Peer 1: 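Please read through the structure below; I'll follow up with questions.
Atoms considered below: every heavy atom in the structure, side chains included; atoms not considered: hydrogens, waters and symmetry mates. Computed from a prediction, not measured in an experiment: that's the story for all the values here.
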Amino acid sequence: MEIQVNGQWREFPDGTTVEGVLEALGTAVRGVAVAVDGVVVRRGEWPEAVVRKGASVDILTAVQGG
């Protein structure tokens with residue numbers, strides 16, 4: 001199934017979770033926030049939060065500085 005991640009369409013297996021998306025992309029989980037279809041998914045929910053086909057996933061990385 002296709003999921004849009006940070007504006008780019010990517011292919012993932014059916015039933016992929018938020019955690020699975022991060023693992024597949026090799027994204028570090030520290031300092032990261034994830035939103036699915038504009039709704040932030042809490043870190044504790046990542047392993048069970050299944051991403052549906054066609055969803056938009058935004059992976060945001062915290063940056064220090066001013």
Peer 1: Hey, are the side chains of I59 and L25 touching, using non-hydrogen atoms and a 4.5 Å cut-off?
Peer 2: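 I59 vs L25: side chains touch.
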
Peer 1: Report yes or no: do M1 and V36 belong to one cluster of Ile/Leu/Val/Met/Phe/Trp/Tyr joined by side chain heavy-atom distances under 4.5 Å?
Peer 2: yes

Peer 1: Taking all heavy atoms of A55 and all of I3, pick out the closest pair and write down the distance.
Peer 2: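 Closest approach of A55 to I3: O-CG2, 3.5 Å.
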
Peer 1: Taking all non-hydrogen atoms of both residues, which atom of V41 and which atom of W46 are closest, and how far apart?
Peer 2: O-NE1, 3.0 Å

Peer 1: If I take atom CD from residue E2 and atom CZ from residue R10, how far apart are they, to the nearest 0.5 angstrom?
Peer 2: 11.5 Å

Peer 1: Could you grab the distance from atom CD of E19 to atom CZ of R43, nearest 0.5 Å is fine?
Peer 2: 10.0 Å

Peer 1: Grab the two heavy atoms, one from R52 and one from D37, that are nearest each other, plus how far apart they are.
Peer 2: NH2-OD2, 3.0 Å

Peer 1: Would you say R42 and V40 make side-chain contact, with heavy atoms under 4.5 Å?
Peer 2: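 With C-beta onward as the side chain, the pair stays apart.
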
Peer 1: Could you see if V32 belongs to whatever hydrophobic cluster contains V51? Use Ile, Leu, Val, Met, Phe, Trp, Tyr and a side-chain cutoff under 4.5 Å.
Peer 2: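 In one cluster with V32: V51, yes.
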
Peer 1: Report whether V21 and V50 are members of the same hydrophobic cluster (ILVMFWY, side-chain heavy atoms less than 4.5 Å apart, transitive linking).
Peer 2: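 No, V21 and V50 fall in different hydrophobic clusters.
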
Peer 1: Do D58 and N6 come within less than 4.5 Å of each other through their side chains, counting heavy atoms only?
Peer 2: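 D58 reaches N6 side chain to side chain.
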
Peer 1: State the OG1-CG distance between T17 and L22, to the nearest 0.5 angstrom.
Peer 2: 8.5 Å

